[in-house]
Amino acid sequence: MNHDDLIIAGKSYSSRLLVGTGKYKDFAETQAAIEASGAEIITIAIRRSNIGQNPNEPNLLDILPPSKYTLLPNTAGCYSADDAVRTLRLARELLDGHSLVKLEVLGDPQSLYPNVVETIAAAKILVKDGFQVMVYTSDDPIIAKQLEDIGCVAIMPLASLIGSGMGILNPWNLQLIMERVQVPVIVDAGVGTASDAAIAMELGCHGVLMNTAIAAAQKPVLMASAMKMAVDAGRSAYLAGRMPRKLYSASPSSPTAGVIASTRNN
Amino acid sequence: MIAISINGTVHQFDHPINVTALIEHMQLSNKRIALERNGEIVPRGQFNTQMLTDGDKLEVVVAVGGG
C-alpha cells in the first residue's frame, strides 16, 4: 500500500482518477482510453438486453474484466429511489455479489441535476441492504453530510452539470463539503479539461470521476493520459501546499542587494 | 398459452417454461445477464427451478458503457 493511496470502504487505490465507459466510438477506443487514464475504478451502466439481436456481440465485461478493474455500476437514467435500488440489485446479481456502487438519482433529463430527496431515500435502503454506496449529489454541504451520516462511503458532488464540461463552478461549496465529511470527496461531473481536474485536486478533493471530458475530446486516449497527469499534478500540489496569494507586497525571487549601478538619474 | 413481458415486450409461450428455457429462447445462454421478475431479483442458482407464469414481467439486463 502506497502512503498516498485513495481509500474507499477500506480498500486502497493508487489512482485518484475514476472514469466512465460511455460515449466512446467503439470498445477498442474505450479500452485504450481507460488504459491511458490509469484508472482502477471504472463506472458501467445497467441496461436492458437487446433480445435476440447480435447474440455474438462482445460484452463490455469481456473487454473490461472485473478481475482487472473495480467496476462501479451506476444508476444513470434513474429518476426515482425505487428505480435506482432495483438497478443496483440487478447490478449486484450481474457482478456476482459486488457491493460497491455509484448511486445517482436524477431530477430532470434537461439538467441531469441530482434529485437529493430521492437520492437520500435510495441511499438509506441501499446501505441497509449491504451496499457500499458512492453517491453522486449536488454541491450542498448539508446534504453531503446527511449522506455521510446515512453511511455512504464516498460523497461525489458535481463540479457542474453532467456532460457540460463547464469545470468547477463553486469551489467554495466543495471546500465546505470537505470540511464537513470524513469519507472521500470525489468530484463527479462537469470536468471539461485537464486544468479542471487539477483544480479539483488542488482544492483537496480525494479524487475526480469523469467520462465525457475524455470520451468527447478530439483525441480521447491523449486526453485520458492528460487527465491522469492533471490528477497526479493537482494531488502533489495539494500535498505540497501552495504559497499564499498576495495581491501586493511584492517579494522578488532574486537578491535585492548587489544590483549594478543604475544609469537612471533618480 | 402464457404471456410474459420481457423488457417491455409481451411474448407468448404455448407451454409453461422455466427461466433457463426463457434465456435460451432469448439466445442469451452463457451471457453475463441479470434478471428481475416482477420487481424481485431471480438469482442465477434459481434459473432452473423458477417456473414462469402468465402475466410475469421480466427485466433482463447487461452491463454497458456509462459514466
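By convention in this document, chain letters (A, B, ...) are assigned in the order of the sequence lines, proteins followed by strands, and residues within each chain are numbered from 1. Predicted, not measured: the structure shown is a model, and the values here were computed from it.
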*Asks:* I need the residue from A:T21, A:V19, A:L18 with the largest number of non-hydrogen atom pairs under 4.5 Å to chain B.
*Replies:*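 Looking at each of A:T21, A:V19, A:L18 in turn, A:T21 comes out on top.
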
*Asks:* Could you tell me which non-hydrogen atom of B:A63 sits nearest to which non-hydrogen atom of A:L60, and how far apart they are?
*Replies:*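 Scanning both residues, the minimum pair turns out to be O-CB, 3.8 Å.
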
*Asks:* Closest heavy-atom contact between A:A45 and B:G65?
*Replies:*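 Closest approach of A:A45 to B:G65, heavy atoms only: CB-O, 3.9 Å.
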
*Asks:* I'd like to know if the side chain of A:S49 reaches the main chain of B:V62, judged simply by a donor and an acceptor atom lying under 3.5 Å from each other, with no hydrogens or angles considered.
*Replies:*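 Pair absent, no side-chain N/O of A:S49 close to backbone of B:V62.
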
*Asks:* With chain A as the partner, which of B:G67, B:P43, B:A34 has the greatest number of non-hydrogen pairs under 4.5 Å?
*Replies:*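 Result: the option with the highest number of such pairs is B:G67.
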
*Asks:* Heavy atoms under 4.5 Å from chain A: which residues of residues 51-59 of chain B carry them?
*Replies:*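 Answer by number: B:E59.
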
*Asks:* If I measure from the heavy atoms of chain B, does A:I44 come under 4.5 Å with its side chain, its backbone, both, or neither?
*Replies:*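 The answer is both parts of A:I44.
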
*Asks:* Write out, in numerical order, the residues from residues 85-110 of chain A with a heavy atom short of 4.5 Å from a heavy atom in chain B.
*Replies:*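 Residues of residues 85-110 of chain A touching chain B at under 4.5 Å: A:R86, A:R89, A:L90, A:E93, A:L94, A:L95, A:D96, A:K102, A:E104.
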
*Asks:* Around atom CD of A:E35, are there more than 12 heavy atoms from other residues, nucleotides or ligands closer than 6.0 Å?
*Replies:*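 It does not: A:E35 CD has 12 such atoms or fewer within range.
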
*Asks:* Measure the spacing between CZ of A:R48 and CD1 of B:I6 and express it to the nearest 0.5 Å.
*Replies:*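 Result: 11.0 Å between the selected atoms.
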
*Asks:* For each of B:G39, B:G8, B:S29, tally heavy-atom pairs with chain A at distances under 4.5 Å, and name the one with the top tally.
*Replies:*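 So the answer, after comparing B:G39, B:G8, B:S29, is B:G8.
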
